[in-house]
Amino acid sequence: MERDELLAAIKDRMPEKRYIHTIGVTDTAIKLAKQFGEDPKKAEVAAILHDSCKYADRNWMKQIIIEQQMDPTLLQYHHELWHGPVGAYIAKTKFNVTDEDVLNAIRFHTTGRIGQSNLEKIVYIADMIEPNRKFPGVDDLRKASEELTLHDLMIKCITHSISFLINKYQPIFPDSFECYNDLLLQKKGQVKE
Ligand code: DGI
Ligand code: FE
Ligand code: FE
């Protein structure tokens with residue numbers, strides 16, 4: 001499916017504000033993909049579909065997680081974490097997305113994970129820094145997006161997310177910690193000691 005067709009299909013699944021966020025994420029993801037030498041078409045599809053299940057019924061999502069044998073740990077954590085994995089399932093079954101990298105970018109856009117691809121990083125970052133986002137520190141992240149490597153930018157973004165949750169005494173999903181550790185360990189591997 002093409003951009004306009006996909007956008008029309010997701011528009012009914014969310015309030016206006018979320019649709020505007022989705023367009024912001026899409027444009028930012030395309031820009032980052034071009035900047036970091038990744039496929040802008042893949043970034044576009046993943047970004048358009050990333051929040052398609054943000055407003056899906058909680059019990060229905062729970063059922064999909066169980067039926068599709070997704071990570072059962074998800075059910076122990078906040079239901080906010082379910083719309084990524086369930087969104088990837090809908091991307092595959094309803095929107096006929098077959099590219100595993102695109103599906104993973106949707107699946108892990110909220111938490112990140114160990115061994116993220118560049119496309120996964122791009123969608124995670126675009127979701128945080130798109131122009132409609134307003135939170136303390138977002139301008140610093142936007143500025144960093146013009147200066148840092150994709151790897152260092154991802155470190156900065158996931159550090160911000162984890163710190164934010166820790167400051168609110170929220171549990172952190174294991175994939176997020178694993179993502180953070182993995183990024184830092186990879187970096188350490190590059191440094192000569
Ligand atoms: O869907 P968006 O709002 O565009 O952004 P998102 O998919 O990154 O979801 C953000 C929400 O998910 C936000 O309320 C924080 C929450 N979240 C992200 N990672 C974790 C988390 N909540 C918990 N409890 N644990 C996490 O690891
Ligand atoms: Fe999301
Ligand atoms: Fe989002």
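Whatever order the structure lists ligands and atoms in, that order sets their numbers, starting from 1.
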Would you say ligand 1 has an N or O under 3.5 Å from any N or O of [X]?
| X | answer |
| --- | --- |
| Pro171 | yes |
| Phe173 | yes |
| Tyr77 | no |
| His78 | no |
| His50 | no |

*Heavy atoms, side chains only, cut-off 4.5 Å: are Pro85 and Leu74 in contact?*
yes
_At less than 2.8 Å, would any N/O/S atom of Asp127, backbone or side chain, sit next to the Fe ion (ligand 2)?_
no
*Checking only N/O/S atoms, does His83 have one that is under 2.8 Å from the Fe ion (ligand 2)?*
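Here the distance criterion (N, O or S atom, under 2.8 Å) is met by His83, so yes.
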Atoms of ligand 1 close to [X] [distance to a heavy atom under 4.0 angstrom, numbered from 1]:
| X | answer |
| --- | --- |
| His83 | 1 (O), 7 (O) |
| Leu165 | 19 (N), 20 (C), 21 (C), 22 (N), 25 (N), 26 (C), 27 (O) |
| Lys54 | 1 (O), 2 (P), 3 (O), 9 (O) |
| Ser176 | 27 (O) |

*Using a 4.0 Å heavy-atom cut-off, say whether Thr111 meets ligand 1 through its side chain, its backbone, both or neither.*
neither
*So which bit of His21 gets within less than 4.0 Å of ligand 1, heavy atoms only: side chain, backbone, both or neither?*
side chain
*Distance from atom 21 (C) of ligand 1 to nearest protein heavy atom, with residue and atom*: Leu81 CD2, 3.5 Å
*Please write down residue, atom name and distance for the protein heavy atom closest to atom 8 (O) of ligand 1.*
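Of every protein heavy atom, Asp127 OD2, 3.6 Å lies nearest to atom 8 (O) of ligand 1.
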*For the pair Arg107 (side chain) and Glu100 (backbone), establish whether a donor and an acceptor sit closer than 3.5 Å, ignoring hydrogens and angles.*
no
*asked:* Treating Ser176 as the side-chain partner and Ile172 as the backbone partner, does any N or O pair qualify as donor plus acceptor under 3.5 Å?
replied: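 Pair absent, no side-chain N/O of Ser176 close to backbone of Ile172.
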_As a test of reading the structure, name the N/O/S atom of His109 that is nearest the Fe ion (ligand 2)._
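That would be atom NE2.
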*Tell me, which N, O or S atom in Asp51 is closest to the Fe ion (ligand 2)?*
OD1
*Quickly, which of Arg13, Lys17, Met14 forms a side-chain contact (heavy atoms from CB on, under 4.5 Å) with Thr22? Name it, please.*
Met14
*Quickly, which of Thr149, Asp152, Asp182 forms a side-chain contact (heavy atoms from CB on, under 4.5 Å) with Lys187? Name it, please.*
Asp152
_Heavy-atom count check: over 12 atoms from other residues, nucleotides or ligands less than 6.0 Å from Phe164 CZ?_
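For Phe164, atom CZ is not crowded (no more than 12 foreign heavy atoms under 6.0 Å).
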_Can you confirm whether more than 12 heavy atoms, excluding those of Lys54, are under 6.0 Å from its NZ atom?_
yes
Hey, looking at [atom], which of [options] has the closest heavy atom?
| atom | options | value |
| --- | --- | --- |
| atom 10 (C) of ligand 1 | Ile172, Thr110, Ile166 | Thr110 |
| atom 2 (P) of ligand 1 | Arg18, Glu80, His109 | Arg18 |
| atom 5 (O) of ligand 1 | Glu130, His79, Arg133 | Arg133 |

_Under a plain distance cut-off of 3.5 Å, with no hydrogens placed, do Glu130 and His21 share a side-chain donor-acceptor pair?_
yes
_Ignoring hydrogens and geometry beyond distance, is a side-chain donor-acceptor pair present between Ser161 and Tyr180 at under 3.5 Å?_
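Tyr180 and Ser161 do not have a side-chain donor-acceptor pair below 3.5 Å.
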_Under 4.5 Å between side-chain heavy atoms, counting indirect links through other Ile/Leu/Val/Met/Phe/Trp/Tyr residues: same cluster for Met128 and Phe177 or not?_
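Linked within one cluster.
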_Is_contact(atom 13 (C) of ligand 1), protein non-hydrogen, under 4.0 Å_ =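 It does not; no protein heavy atom is within 4.0 Å.
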*Minimum heavy-atom separation for Pro131 to Gly24, with atom names?*
CD-O, 4.0 Å
_Evaluation steps, ring-ring contact (aromatic ring centres under 6.0 Å, His included), between His109 and His83_ = CA-CA 9 Å; His109 83 265; His83 72 281; 4.8 Å; yes
*Step-by-step ring-ring contact (aromatic ring centres under 6.0 Å, His included) determination, His160 to Phe135*: CA-CA 11 Å; His160 188 284; Phe135 58 83; 5.1 Å; yes
